[in-house]
Asks: 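Sharing a structure below in structure tokens format, with a few things to ask.
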Amino acid sequence: MQHASDMCGLPHTEDITGRIKAKGVSLRFGQVETLKAIERQPEKHGYIAVLPTGYGKSITALLSYDLLRAMCRVDRMLIIVPTDTQRTQYIQDVMDDCDLCGMELTGIDKADGSARNIRKRNKNLAEVFVTTAQFLIHNTDHFEDLLEKGRWLVVADEFQKLSEEGEWGKGVKNLQSHAMLGVTATPIRTDGVPTIFGSTEPDVEVTLEEAYKERAIRGVRAHLEHYFVDAKDTETNEVTRITTEELRSHTDWEGYKKKRDLRELNKYVSSIIGSAYECWLSKSARHQGEHRIIVFAMSVSHARMVSETINILYGVGFSDWIGVGPYGRTDSENKLAIDKFKAGAYPCLVQVDKAGEGFNCKQASVLVFLNILGKNTVKARQYIGRGLRRNGGIASFEDDLCDVFVSPDTDLAELAVE
């Protein structure tokens, strides 16, 4: 097979798409448009592609590199992701995408600050390196050395995390790159602070509606779980009924505390989890082994309580939990729990900020939100995105749905319905 770097002067986008089509693979509209945007602006330094979760960001990054390499603009790629979980996933995705697209790489390496990275670069044993933004800012000398030789494309995945003035953002901006590609599903930060791309308009932007029409992502089926709790006043012995409809109108601090307290009750958890469990059972009866449940909890202690409640209801080993912090689990414990969940060792994972942005499990088709999120936050949209990835194990597009369970007392209910 001819190496892409030997093809300078050919109609690059057509060559790449034609090669992939010959392997029986069809690229998505946004992926092709990203390549065309690069070819239309060959001297531009920074490109932006806004693509929904599950649309194929890793293959878009890989093909963009292939094109820029064919144009003789770059010969190395550094991919920067937010977390270690995403780094491991991205390395696997790039290797899988190479096989899928028939693309040749001399190698891919985890950029871990070791002399091995430099040696592999010097001996041309690797041309793609993957790291995290946090690791980068603590090892700036290593990355200065790594990027000293070669022509580099820097890919910033989930670049909304890289603010213009933040430590991570400054670290990425200071890299000596020959070209940069930013990919994300949510380009606007919740706090309104500019990213490292400033106010630059995206070169390509694919909406959720467009991705769904293209059958690139799943459809979402929302379930609003109404519930009430009878609270007894210890002084007057009067019983007050608290409903989700009543709480929906409470936007002050007291209302927020009531919502949190509600979610700490086994009775509340049992209700919404029960509905999600019945949904999972029904889906699993049609597609055995192809469905998982992710529950989004408020805190580590909440995640532990919810997971214990689920195991009481549906049997020991049905659920496990992950989370970080003083009362959370270690990185190795969290990784083991995630790996076992993906492998199907148990069908339900309760998580706190660990299986959110960048988490990839195509079987995650039932999402339960016990946390309290505003609908216009990056986190809310990213979390719902965990269930949008298509599952190749389900042949029918109409049958490949993500079921989202929320209470109507948060803004997230509106987002799920939208």
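For the single chain, residues carry numbers from 1 onward in sequence order. Everything numeric here is computed off the predicted structure, so don't read it as measured data.
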Asks: For the atom pair CG (Leu388) and NZ (Lys362), what is the distance rounded to the nearest 0.5 Å?
Replies: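 NZ of Lys362 is found 16.0 Å from CG of Leu388.
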Asks: Assess whether atom CG of Leu175 is packed by more than 12 heavy atoms of other residues, nucleotides or ligands within 6.0 Å.
Replies: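 Yes, CG of Leu175 has more than 12 neighbouring heavy atoms, counting only those of other groups under 6.0 Å.
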Asks: To the nearest 0.5 angstrom, please state how far the CG atom of Asp331 sits from the CG atom of Leu336.
Replies: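 Result: 12.5 Å between the selected atoms.
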Asks: Among all residues two or more places apart in sequence or in another chain, which pass the side-chain contact (heavy atoms from CB on, under 4.5 Å) test with Thr88?
Replies: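 Counting only residues at least two positions away or on another chain, Thr88 forms no side-chain contact (heavy atoms from CB on, under 4.5 Å).
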Asks: Not counting sequence neighbours, list each pair that qualifies as a ring-ring contact (aromatic ring centres under 6.0 Å, His included) and has a residue in residues 62-88.
Replies: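 Qualifying pairs, neighbours excluded: none.
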Asks: Sequence neighbours excluded, which residues qualify as side chain to side chain donor-acceptor pair (under 3.5 Å) partners of Ser307?
Replies: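 Partners of Ser307 under the side chain to side chain donor-acceptor pair (under 3.5 Å) test: Ser319.
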Asks: Compare every heavy atom of Arg189 with every heavy atom of Leu162, then report the nearest pair and how far apart it is.
Replies: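 Looking at all heavy atoms of both residues, the closest pair is N-NH1, 4.3 Å.
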Asks: Has the side chain of Glu308 got a donor or acceptor atom that lies under 3.5 Å from a matching backbone atom of Met305?
Replies: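 No, the answer is negative, given that no donor and acceptor are paired below the 3.5 Å cut-off.
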Asks: Please work out which of the three classes, parallel, tilted or perpendicular, describes the rings of Phe135 and Phe143, given edges at 30° and 60°.
Replies: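 Correct class here is perpendicular.
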Asks: With Thr330, which residues qualify under side-chain contact (heavy atoms from CB on, under 4.5 Å), at least two apart?
Replies: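 For Thr330 the side-chain contact (heavy atoms from CB on, under 4.5 Å) partners, ignoring immediate neighbours, are Ser332, Glu333.
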Asks: Using the ring-ring contact (aromatic ring centres under 6.0 Å, His included) rule, collect all pairs that involve residues 72-115, keeping only residues at least two apart or in two chains.
Replies: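 For residues 72-115, and leaving out neighbouring residues, there are no ring-ring contact (aromatic ring centres under 6.0 Å, His included) pairs at all.
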Asks: I'd like to check the side-chain contact (heavy atoms from CB on, under 4.5 Å) partners of Ser396; sequence neighbours left out, ordered by chain and number.
Replies: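 Ser396: side-chain contact (heavy atoms from CB on, under 4.5 Å) contacts with Glu398, Asp399.
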Asks: Going by the ring-ring contact (aromatic ring centres under 6.0 Å, His included) test, which pairs reach into residues 15-47, not counting sequence neighbours?
Replies: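 Every pair satisfying ring-ring contact (aromatic ring centres under 6.0 Å, His included) with a residue in residues 15-47: there are none.
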Asks: Only pairs at least two apart or in different chains count here, so list each side chain to side chain donor-acceptor pair (under 3.5 Å) that has a residue in residues 141-153.
Replies: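 For residues 141-153: Asn117-His142.
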Asks: Mind running salt bridge (charged side-chain N to carboxylate O under 4.0 Å, His left out) on Asp320 and Arg329 for me, showing each step along the way?
Replies: CA-CA 12 Å; Asp320 201 357; Arg329 287 178 161 173; 2.9 Å; yes
Asks: For Phe318, which of Tyr277, Tyr346, Phe341 qualifies under ring pair (Phe, Tyr, Trp, His ring centres under 6.0 Å)?
Replies: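 Only match with Phe318 under ring pair (Phe, Tyr, Trp, His ring centres under 6.0 Å): Tyr277.
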Asks: Enter the distance from Asp112:CG to Thr131:OG1 here, rounded to the nearest 0.5 Å.
Replies: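 Nearest 0.5 Å value for the CG-OG1 distance: 8.0 Å.
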Asks: Among Asp97, Asp157, Asp96, find the one that has a side chain to side chain donor-acceptor pair (under 3.5 Å) with Ser58.
Replies: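 Only match with Ser58 under side chain to side chain donor-acceptor pair (under 3.5 Å): Asp97.
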Asks: Whether the side chain of Gln86 engages the backbone of Val81 through a donor-acceptor N/O pair (distance < 3.5 Å, no angle test) should be reported.
Replies: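 It does not hold such a pair.
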Asks: Kindly indicate, with the supporting measurements, whether the criterion side-chain contact (heavy atoms from CB on, under 4.5 Å) is fulfilled by His302 and Leu370.
Replies: CA-CA 9 Å; His302 188 224; Leu370 297 179; 3.8 Å; yes
Asks: Output yes when a side-chain donor or acceptor of Arg381 lies under 3.5 Å from a complementary backbone atom of Thr186, and no otherwise.
Replies: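 A pair under 3.5 Å: no.
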Asks: Can a donor-acceptor pair be found, under 3.5 Å and without considering hydrogens, that links the side chain of Arg87 to the backbone of Pro82?
Replies: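 Pair absent, no side-chain N/O of Arg87 close to backbone of Pro82.
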Asks: Does a sphere of radius 6.0 Å around NZ in Lys44 hold more than 12 heavy atoms from other residues, nucleotides or ligands, not counting ones at 6.0 Å or beyond?
Replies: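 Enclosed: over 12 neighbouring heavy atoms sit under 6.0 Å from NZ of Lys44.
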Asks: So which atom in Cys101 and which in Leu63 form the shortest heavy-atom distance, rounded to 0.1 Å?
Replies: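 Here Cys101 and Leu63 meet closest at SG-CD2, 4.2 Å.
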Asks: Hey, is CD on Gln134 packed in by over 12 heavy atoms from elsewhere, all under 6.0 Å?
Replies: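 Check fails, neighbour count at 12 or below.
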Asks: Would you name the heavy atoms of Ala179 and Val74 that are closest together and state the gap between them?
Replies: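 Answer, listing the atom of Ala179 first, then Val74: CB-CG1, 4.4 Å.
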Asks: Test your reading of the model: is there a side-chain donor-acceptor pair from Lys110 to the backbone of Ile91, 3.5 Å cut-off?
Replies: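 Not at all, since once roles are kept as given, no pair shorter than 3.5 Å links the two residues.
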Asks: Got a donor-acceptor contact below 3.5 angstrom from the Asp403 side chain to the Val220 backbone?
Replies: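 Absent.
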Asks: Where is the tightest heavy-atom contact between Ala297 and Asn371, given as atom of each residue plus distance?
Replies: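 Scanning both residues, the minimum pair turns out to be O-CB, 3.7 Å.
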Asks: Centre of Phe129's six-membered ring, under 6.0 Å away, within 45 degrees of the axis: is that where NZ or CZ of Arg76 sits?
Replies: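 Negative - Arg76 is either too far from the ring of Phe129 or too far off its axis.
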Asks: Would the distance check show the side chain of Arg69 and the main-chain N or O of Asp75 forming a donor-acceptor pair, the cut-off being under 3.5 Å?
Replies: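 Not at all, since once roles are kept as given, no pair shorter than 3.5 Å links the two residues.
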Asks: Can you list the residues that meet the side-chain contact (heavy atoms from CB on, under 4.5 Å) rule with Ser284, with sequence neighbours excluded?
Replies: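 Testing Ser284 for side-chain contact (heavy atoms from CB on, under 4.5 Å), a comparison that skips the adjacent residues, returns Trp280, His291.
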Asks: Run Ile38 and Leu68 through side-chain contact (heavy atoms from CB on, under 4.5 Å) and show every step you take.
Replies: CA-CA 8 Å; Ile38 292 173; Leu68 287 164; 3.6 Å; yes
Asks: Using modelled atom types and a 3.5 Å cut-off, is there a donor and acceptor pairing between side-chain atoms of Arg390 and backbone atoms of Arg215?
Replies: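 Side chain of Arg390 to backbone of Arg215: a pair is present.
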Asks: Regarding Gln41 and Asp203, do their side chains bring together a donor and an acceptor under 3.5 Å, going by distance alone?
Replies: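 There is such a pair (donor and acceptor under 3.5 Å, judged by atom type) between the side chains of Gln41 and Asp203.
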Asks: Using every non-hydrogen atom in the two residues, find where Ile272 and Ser407 come nearest and quote the distance to one decimal.
Replies: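 The answer is CD1-OG, 4.1 Å.
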Asks: Could you go step by step and tell me if Leu105 and Leu62 meet the side-chain contact (heavy atoms from CB on, under 4.5 Å) rule?
Replies: CA-CA 10 Å; Leu105 291 176; Leu62 183 66; 4.2 Å; yes
Asks: Could you tell me if Gln160 and Thr195 have a donor-acceptor pair between their side chains, going purely by distance under 3.5 Å?
Replies: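 Checked: Thr195/Gln160 side chains show no N/O donor-acceptor pair below 3.5 Å.
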Asks: Whether Asp66 and Arg19 form a salt bridge (side-chain N of Lys/Arg under 4.0 Å from carboxylate O of Asp/Glu) is what I want to check.
Replies: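 Yes, charged N to carboxylate O under 4.0 Å.
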Asks: Between the side chains of Glu158 and Lys57, is the shortest nitrogen-to-carboxylate-oxygen separation below 4.0 Å, so that they form an ion pair?
Replies: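 Salt bridge between Lys57 and Glu158, a charged N being under 4.0 Å from a carboxylate O: yes.
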Asks: Can you find a side-chain donor-acceptor pair between Gln89 and Lys342 that sits under 3.5 Å?
Replies: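 Yes.
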Asks: Evaluate the side-chain proximity of Ile322 to Leu349: yes if any heavy-atom separation is below 4.5 Å, no if none is.
Replies: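 When only atoms from C-beta onward are counted, Ile322 and Leu349 do touch, with a gap below 4.5 Å.
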Asks: Could you go step by step and tell me if Lys36 and Glu39 meet the salt bridge (charged side-chain N to carboxylate O under 4.0 Å, His left out) rule?
Replies: CA-CA 5 Å; Lys36 289 181 178 179; Glu39 196 162 10; over 6 Å; no
Asks: How would you list, by chain and number, every residue that makes a salt bridge (Lys or Arg N to Asp or Glu O under 4.0 Å) with Asp99, sequence neighbours excluded?
Replies: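 Not a single residue meets the salt bridge (Lys or Arg N to Asp or Glu O under 4.0 Å) criterion with Asp99.
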Asks: Under a 4.0 Å N-O cut-off, is there an ion pair linking Lys335 with Asp339?
Replies: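 Result for this pair is yes, salt bridge flagged.
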Asks: Would you confirm whether Gln31, through its side chain, and Arg28, through its main-chain N or O, come within 3.5 Å as a donor-acceptor pair?
Replies: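 Present.
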Asks: Judged by atom type as modelled, is there a donor-acceptor pair below 3.5 Å linking the side chain of Asp109 to the main-chain atoms of Val128?
Replies: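 Not confirmed, Asp109 side chain does not pair with Val128 backbone.
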Asks: Tell me the closest heavy-atom pair linking Ala126 and Thr106, and the distance in Å.
Replies: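 What the structure gives for the nearest pair is C-OG1, 3.6 Å.
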Asks: Which residues satisfy the ring pair (Phe, Tyr, Trp, His ring centres under 6.0 Å) test with Tyr327, sequence neighbours excluded?
Replies: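 With neighbours one apart ignored, the set is empty.
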Asks: Does anything in residues 164-199 form a ring-ring contact (aromatic ring centres under 6.0 Å, His included)? List the pairs, not counting sequence neighbours.
Replies: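 Every ring-ring contact (aromatic ring centres under 6.0 Å, His included) pair that includes a residue of residues 164-199, provided the two are not neighbours, is Phe159-Phe197.
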Asks: Please evaluate residues Asn360 and Arg389 with respect to the criterion side-chain contact (heavy atoms from CB on, under 4.5 Å), reporting the C-alpha separation (whole Å), side-chain torsions for both, the decisive distance (0.1 Å), and the verdict.
Replies: CA-CA 8 Å; Asn360 177 2; Arg389 196 176 300 276; 2.9 Å; yes
